[in-house]
Engineer: 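Have a look at this one before I ask anything.
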Amino acid sequence: MSFQTEIVKWYLINKRALPWRDTTDAYVIWLSEIILQQTRVEQGLPYFNNFLQSYPTVTDFANATETQILKLWQGLGYYSRGRNMLFTARQIRDSHAGIFPRKYDDLIQLKGVGEYTAAAISSFSANESKAVLDGNVFRVLSRYFGIETAINSTEGKKQFNELAQALIEDQQPSLYNQAIMEFGALQCKPKSPDCGNCPVQSGCYAKTNDRVSLLPLKLKKLKKRTRYFNYFVCFDGGQLLVNKRTAGDVWQELYDFPLIETENPYLEDQEQFLTKLKTNFGEACIIAPLAKQKHLLTHQTIYVQFFALDNYIINFNMNAEIKWVSLAAFEELPQPKVITNFMISNSIKQ
DNA sequence: ATCCCGTCGG
DNA sequence: CCGACGGGAT
C-alpha cells in the first residue's frame, strides 16, 4: 500500500469530528483556516463556533464593524488576522457579489490568505489538486521521506513543495490533504510521537535511521548580537601596535588593534570602560576619540570606536598576539575591513 | 525559558 | 529575506 493510501486509511479511522469538516462552503472553510493559523484546534474551536453563529455568511461578516470582529477575536492572538478577514469579507461582498472564491489563484489574492490557506480552501471546497504545506506536513514528509533540507530555507520550501505536490496527484485532494495534516497533528507529533503504533513506520526514514527527534530540520533563527569594539591606536616612532585575532571569534587570524570590548557604548558605561582601559594602559593614560564605524556581519552588528592614546603604558595581556610592527609591515598583514577603512580614511600611511 | 506556527510588510 | 505578530504547551 502506498504512503498516501496508508495515511488516508489511518485518517478515516482516527480523524477528529470537527465542525468544519464535511462542508464545501468556502466561507466556512476560510473562517476555520484563518482561525487555525498559528493556533491549535482546541483553542480555535470555540472561536470558530462563535464566529459562524454570529456571521453565518460572508456578507454577514462583511457587515460587522471592526470592533465587533476584534471583540469576538479577543484572546486568540495575531489580531491582524481578524482585521484582514473583515477587509476580505467586504471585498467579497462588494466586488465578488458575496460569492467566496474557490480557485487557488483567486484565493491567493485575498488579504490574509497565503499559500497554505489558498491550498486548503481550494482543495477542501472544490477538490482542486493543490497540496497543503503546513507545519504538520513538513514534519511528516521530512521524517517519512528523509528530507534533511531545512524547512525554512528557500531550497527546502521548493523541495517540500515539489514532493507534496507529486504525492497528491493521484489522490482525492480534499481527503488526502486533510488526512496528512491530521496524521501530523495526532500521530506524527513534534515531540515523542508514538512510532510503535504508526501505520507507516516500516517505510519511515526517520524511524529506521533514528532521526525522529531530529526531523524536520530547521535553520536556527539567528538573532543578531550587538557588540561594542573600542580600538586603541598606538602609533609611536613609525611603529603601530597590532593584535592578531585568535580563534573563537570573528576575523580569526586577521590583524587589528588592541581592543576593549564593552557591553554598551563606552559613553553609556564609562565605569566598565575606564576600568578596562586602566588595566591595559595604566592609570595615567589619556584617550581621544577618533572615528566611529558601524559594521554589519551576518550574525553581529559591531559598533566600532577608535581612540588615540597618550601617556600610556602597555599592560595589554602582553601575550604573543600583540606586537609592534611598522606601517609597511602592517599593510602586508591581513586586516578586517573595518581596520582597513580606518587606515584609509585617516590617510595613515608611510 | 523555549518551542510551535502562516502571513504580511519593510 | 527577515522581523513582527500572541497565546499555549512543554
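These values consider heavy atoms only, across backbone and side chains, with no hydrogens, waters or symmetry-generated copies. Lettering of chains follows the sequences in order, A, B, ..., and the numbering in each one begins at 1.
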Engineer: Can you tell me how far P of B:dT7 sits from CD1 of A:I35, to the nearest Å?
Structural biologist: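 So the CD1-P distance, A:I35 to B:dT7, works out to 15 Å.
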
Engineer: Does the pair A:R102/A:E128 count as a salt bridge with the N-to-O cut at 4.0 Å?
Structural biologist: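 Looking at A:E128 together with A:R102, the answer is no, because their closest N to O distance does not fall below 4.0 Å.
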
Engineer: Output the distance between atom CZ (A:F87) and atom OG (A:S80), rounded to the nearest 0.5 Å.
Structural biologist: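 Spacing of CZ (A:F87) from OG (A:S80) equals 13.5 Å.
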
Engineer: If the test is side chain to side chain contact (heavy atoms under 4.5 Å, CB included), which one of A:V140, A:D194, A:V212, A:I7 qualifies with A:C188?
Structural biologist: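 Only one of A:V140, A:D194, A:V212, A:I7 forms a side chain to side chain contact (heavy atoms under 4.5 Å, CB included) with A:C188, namely A:V140.
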
Engineer: Find the distance between CD1 (A:I260) and CZ (A:F281) and round it off to the nearest 0.5 Å.
Structural biologist: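 Going from CD1 on A:I260 over to CZ on A:F281, the span is 6.0 Å.
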
Engineer: Give me the one residue out of A:I322, A:I339, A:L254 that meets side chain to side chain contact (heavy atoms under 4.5 Å, CB included) with A:N243.
Structural biologist: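 By the side chain to side chain contact (heavy atoms under 4.5 Å, CB included) criterion, A:N243 pairs with just one of A:I322, A:I339, A:L254: A:I322.
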
Engineer: Tell me which of A:P190 and A:Y116 sits closer to the 5' end of DNA chain B, going by the nucleotide each one is nearest to.
Structural biologist: A:P190

Engineer: Are any protein N/O atoms closer than 3.5 Å to N/O atoms in nucleotides 6-10 of chain C? If there are, list each pair with its distance.
Structural biologist:
from: C:dG6; atom 1: OP1; to: A:Y79; atom 2: N; distance (Å): 2.6
from: C:dG6; atom 1: O5'; to: A:Y78; atom 2: N; distance (Å): 3.3
from: C:dG6; atom 1: O4'; to: A:Y78; atom 2: N; distance (Å): 3.3
from: C:dG6; atom 1: O6; to: A:Y78; atom 2: OH; distance (Å): 3.3
from: C:dG6; atom 1: N1; to: A:Y78; atom 2: OH; distance (Å): 3.0
from: C:dG6; atom 1: N2; to: A:Q38; atom 2: O; distance (Å): 3.1
from: C:dG7; atom 1: OP1; to: A:Y79; atom 2: OH; distance (Å): 2.5
from: C:dG7; atom 1: O3'; to: A:Q43; atom 2: NE2; distance (Å): 3.2

Engineer: Measure from NZ on A:K218 to P on B:dT2 and round the result to the nearest Å.
Structural biologist: 15 Å

Engineer: Starting at atom CH2 of A:W73, determine the distance to atom C1' of C:dC5, rounded to an integer number of angstrom.
Structural biologist: 13 Å

Engineer: Nearest whole angstrom, please: distance from the C1' of B:dC4 to the CG of A:L36.
Structural biologist: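 A:L36 atom CG is separated from B:dC4 atom C1' by 14 Å.
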
Engineer: Charged N to carboxylate O below 4.0 Å: is that the case for A:E148 and A:R211?
Structural biologist: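 Yes, charged N to carboxylate O under 4.0 Å.
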
Engineer: Return the value, rounded to whole Å, for the distance between atom CD1 of A:I121 and atom P of B:dG6.
Structural biologist: 14 Å

Engineer: Could you tell me how far apart A:F138 (CZ) and B:dC5 (C1') are, to the nearest whole angstrom?
Structural biologist: 11 Å

Engineer: Measure the acute angle between the ring planes of A:F51 and A:Y55, then classify it against the limits of 30° and 60° as parallel, tilted or perpendicular.
Structural biologist: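 Answer is tilted, since the angle falls between 30° and 60°.
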
Engineer: How many Å lie between CD1 on A:I34 and C1' on C:dC5, as a whole number?
Structural biologist: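 Interatomic distance, CD1 of A:I34 to C1' of C:dC5: 15 Å.
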
Engineer: Return each pair, listed once, that meets side-chain hydrogen bond (donor to acceptor under 3.5 Å, both in side chains) where at least one residue sits in residues 20-30 of chain A; pairs must be two or more places apart or across chains.
Structural biologist: A:Y11-A:R21, A:R21-A:Q178, A:R21-A:E182

Engineer: Whether the A:N127 and A:S174 side chains hold a donor-acceptor pair (N or O, under 3.5 Å, no angle test) is what I'd like checked.
Structural biologist: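 A:N127 vs A:S174: no donor-acceptor pair found between side chains.
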
Engineer: Would you tabulate the pairs of protein nitrogen or oxygen atoms and nucleotide nitrogen or oxygen atoms of nucleotides 8-10 of chain B closer than 3.5 angstrom?
Structural biologist:
from: B:dC8; atom 1: OP1; to: A:G112; atom 2: N; distance (Å): 2.5

